[in-house]
Trainee: 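This is the structure I have questions about; it appears just below.
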Amino acid sequence: MTDMVKRKASEAETALSQQFMQARDALPGNTAVAELRKDAFGRFDAAGLPTRRVEAWHYTDLRSFMGTALPAAAAPDNAALDVAREALAALPQPACRIVLVDGVYQPALSAVDASPQVSVTALDDALAGADAQLVRDLTGDGCGAGDAALDLNAALMGGGAVVDIAAGANIEAPLEIVSVATRRNDAAIFARSLVRAGSRAAATIVERHILRGDAALQANNALVIRTGDEADIAHIWVAEGQGDRQLHIHSLLATIGDKAKFSSFGLLDTGAFARRQIFARFDGAGASLDLSGLALVRDRDHRDTTLVVEHVHPNCKSSEYFKQIVDGAGTGVFQGRISVSREAQKTDGAMKSQTILLSDDAAMYNKPELEIFADDVACGHGATCGSLDPDQLFYAMARGLPRPQAEALLLEAFGEDAIDRVANEQVREELTGRLRHWLAGRTA
Amino acid sequence: MSAPVALKIENLHVSVGETPILKGVNLTMRQGETHALMGPNGSGKSTLAYTLIGHPKYEITEGIISIDGTDINELDPCERARLGMFLAFQYPVTIPGVKVADFLRHAMTNIRNPDRKEGEELMSMRDFRKELRDTMNELNIDAEFARRYLNDGFSGGEKKRMEILQMTLLGPKFGILDETDSGLDIDALRVVSEGVNALRADKRSFLVITHYQRLLEYIKPDVIHVLANGRVVRSGGPELALELEKTGYKDFIAAAA
């Protein structure tokens with residue numbers, strides 16, 4: 001009977017259905033993976049693209065944002081690889097870099113030999129021989145289950161990489177996962193990568209999304225990071241390159257082992273539409289999690305950070321610290337849900353979202369939620385939204401700073417406060433540079 | 001021959017919201033002069049200070065303020081600062097996240113190059129650092145303050161010293177000190193006063209706003225004005241301060257009412 005009450009599929013939903021039907025036999029993976037795809041698509045198909053009626057997507061009505069579904073990107077040809085090479089040449093050379101072009105892992109463009117403690121497998125190869133463990137790892141062992149974008153990614157995923165960091169490895173230089181979208185034709189990318197950090201491993205993972213070309217792009221990417229016991233993993237997500245015609249959804253699935261440390265920072269400063277969603281779960285006791293980010297929004301851009309943290313073990317600490325600067329007719333969204341189960345005694349949780357609105361047309365939606373079932377916890381949240389402090393502006397102007405410069409100085413301090421959560425100095429400097437660049441673009 | 005007029009305030013009326021605070025202030029200062037402005041609580045001293053530097057909350061409903069003959073009524077605080085005006089705040093603003101050195105480098109670059117366009121280079125880091133270090137030294141300010149966030153966690157005395165540091169580095173033509181002595185102990189008062197006195201020069205004028213005569217023992221004014229109920233009710237020489245110390249403001253309040 002459910003078919004009878006099912007609403008009419010949108011153009012995009014119909015196209016995605018067709019895409020899945022046509023592609024499913026050719027999509028990489030053994031039968032276990034095919035089963036995973038079928039289940040995921042079944043859930044997506046039943047629910048459709050999320051609308052305002054879906055709580056987690058209330059402020060980001062994906063169904064109306066996504067008028068059409070673009071065809072999957074073609075496998076990168078030589079021209080695409082040239083574009084990627086050029087983009088990579090502009091980056092500092094890290095010791096270890098994993099490169100995806102239009103969603104597909106490119107060993108030839110990557111540099112992993114230098115790090116014997118890191119091994120990389122193409123996602124397609126991993127899927128071909130997938131066992132139950134790989135399926136569990138790839139899905140973050142149930143993290144984020146039921147999310148429509150994740151289901152769609154699971155159904156259509158291909159091309160990413162599986163990265164294993166050896167137990168006890170201490171990777172000094174940042175390990176980069178660079179994803180270049182060449183955008184020569186209107187296309188969609190569904191990449192999923194997995195990082196498994198062994199116990200006591202320590203590494204900084206910088207995930208870069210670089211946009212080139214000017215065709216339309218719908219990117220629905222996922223990264224799963226499984227932080228082993230007592231491991232210490234820092235993740236930084238950054239996108240670069242302009243693009244009006246892009247819709248970018250990035251999901252981070254993080255599981256955190258016993259006494260492990262995991263952090264993730266995201267800079268959302270480009271593209272017309274970006275949603276960063278984080279699903280994090282503690283898989284052991286005494287672990288800590290630090291999530292943070294900075295969203296810079298202007299024009300008619302839409303940037304959404306939505307996170308869910310599940311405390312299911314005792315003595316864990318989580319901190320969520322997000323800042324937004326919204327200008328023009330931009331819209332910012334922050335949704336954070338911290339759930340603390342009955343078992344998760346002595347949980348320490350602090351969530352904060354701070355926003356500066358710079359224009360009358362700028363909008364910000366904040367929705368912090370705490371769901372606590374344990375009785376011995378310290379959890380708090382706060383969300384603020386306001387304009388720049390007029391006293392500070394006046395003071396700076398009275399010392400000779402023209403208003404735009406006074407504003408830029410104050411905004412830089414505001415944004416820098418979030419960037420300071422990143423421990424790696426080199427990455428922090430890069431992020432500060434990008435913040436300054438964005439601020440300079442305001443007054444130009 | 002007397003020096004040219006530095007500041008001229010003519011029939012100045014200022015309101016905050018609907019409330020008139022200044023009700024026809026007249027005051028003329030010549031280059032090189034230091035004037036003191038005294039008066040009871042609520043007489044409008046701070047209002048005059050903020051109005052001179054262009055705080056948007058204070059609305060000029062009548063009258064003209066001119067600096068070196070230029071009407072500044074319509075100028076914003078930044079433009080006034082670039083003309084050489086400086087206000088040492090009674091309550092300096094705290095700006096967490098902005099380091100003292102970064103703030104000063106921006107301020108000095110703009111003040112010294114008033115024609116500077118947005119996005120142009122700041123003054124050289126080398127020159128800036130040297131000048132900052134030397135000046136902090138002279139004012140007995142620990143170099144560590146340069147790396148701290150502006151006024152964040154500073155004591156009252158440290159904030160006031162920071163104002164004098166900024167005034168020294170920016171070298172204004174016309175400085176206003178709004179109750180710079182409030183909250184200072186005697187040692188700090190001396191340091192701050194010495195800082196101001198070191199700046200006194202032929203072409204530089206100061207308006208020192210204070211409640212108490214004590215500051216004027218350190219910074220000796222040429223002229224003293226008494227502000228009561230929004231008007232200058234009396235002006236005179238340094239001896240006026242001593243008279244006030246004896247009699248208080250009550251006669252002036254009565255005269256102004």
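This one's a predicted model, so the numbers in the text were calculated from it and none came from an experiment. Here is how names work: the chains are called A, B, and so on, in the same order as the sequence lines, proteins then strands, and each is numbered from 1. Side chains included, hydrogens not; waters and symmetry mates left out as well; all remaining heavy atoms used.
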Trainee: Using a 6.0 Å cut-off, check whether atom CD of B/E144 has over 12 heavy atoms from anything other than its own residue.
Mentor: yes
Trainee: Please classify the contact between B/L150 and chain A as side chain, backbone, both or neither, with a heavy-atom cut-off of under 4.5 Å.
Mentor: side chain
Trainee: Using the side-chain hydrogen bond (donor to acceptor under 3.5 Å, both in side chains) rule, collect all pairs that involve residues 348-359 of chain A, keeping only residues at least two apart or in two chains.
Mentor: A/K323-A/Q354, A/Q324-A/S353, A/Q324-A/T355, A/S353-A/N366
Trainee: With chain B as the partner chain, list the residues of residues 378-403 of chain A whose heavy atoms fall under 4.5 Å from it, by residue number, and write 'none' if nothing qualifies.
Mentor: A/D391, A/Q392, A/F394, A/Y395, A/A396, A/M397, A/A398, A/R399, A/G400, A/L401, A/P402
Trainee: For B/R129, is the CZ atom crowded, meaning more than 12 foreign heavy atoms sit under 6.0 Å from it?
Mentor: no
Trainee: Would you say that more than 12 heavy atoms from the other residues, nucleotides or ligands in this model lie under 6.0 Å from the OH of B/Y91, or not?
Mentor: no
Trainee: Counting only heavy atoms not in B/K159, do more than 12 fall under 6.0 Å of its NZ?
Mentor: yes
Trainee: Please check if the number of heavy atoms outside B/D142 that lie under 6.0 Å from its CG is greater than 12.
Mentor: yes
Trainee: Counting only heavy atoms not in A/E86, do more than 12 fall under 6.0 Å of its CD?
Mentor: no
Trainee: How long is the gap from OG1 on B/T109 to CD on A/Q405, to the nearest 0.5 Å?
Mentor: 8.0 Å
Trainee: Taking all atoms of both residues into account, what is the closest heavy-atom pair of A/A413 and B/P96, and its distance?
Mentor: CB-O, 3.9 Å
Trainee: Name the region of B/P92, side chain, backbone, both or neither, that has any atom closer than 4.5 Å to a heavy atom of chain A.
Mentor: both
Trainee: With a cut-off of 6.0 Å (strictly less than), are more than 12 heavy atoms of other residues, nucleotides or ligands near CG of B/N197?
Mentor: yes
Trainee: List for me each residue that meets side chain to side chain donor-acceptor pair (under 3.5 Å) alongside B/T34, sequence neighbours excluded, and say none if there are none.
Mentor: B/R200
Trainee: Measuring heavy-atom distances to chain A, does B/Y149 have an atom under 4.5 Å in its side chain, in its backbone, in both, or in neither?
Mentor: side chain
Trainee: Considering heavy atoms only, which positions within residues 418-429 of chain A lie below 4.5 Å of chain B?
Mentor: A/D420
Trainee: Name the region of B/L170, side chain, backbone, both or neither, that has any atom closer than 4.5 Å to a heavy atom of chain A.
Mentor: side chain
Trainee: Non-hydrogen atoms of chain A under 4.5 Å away: do they reach the side chain of B/N151, the backbone, both or neither?
Mentor: side chain
Trainee: Tell me if the OH atom of A/Y365 is crowded by more than 12 foreign heavy atoms within 6.0 Å.
Mentor: no
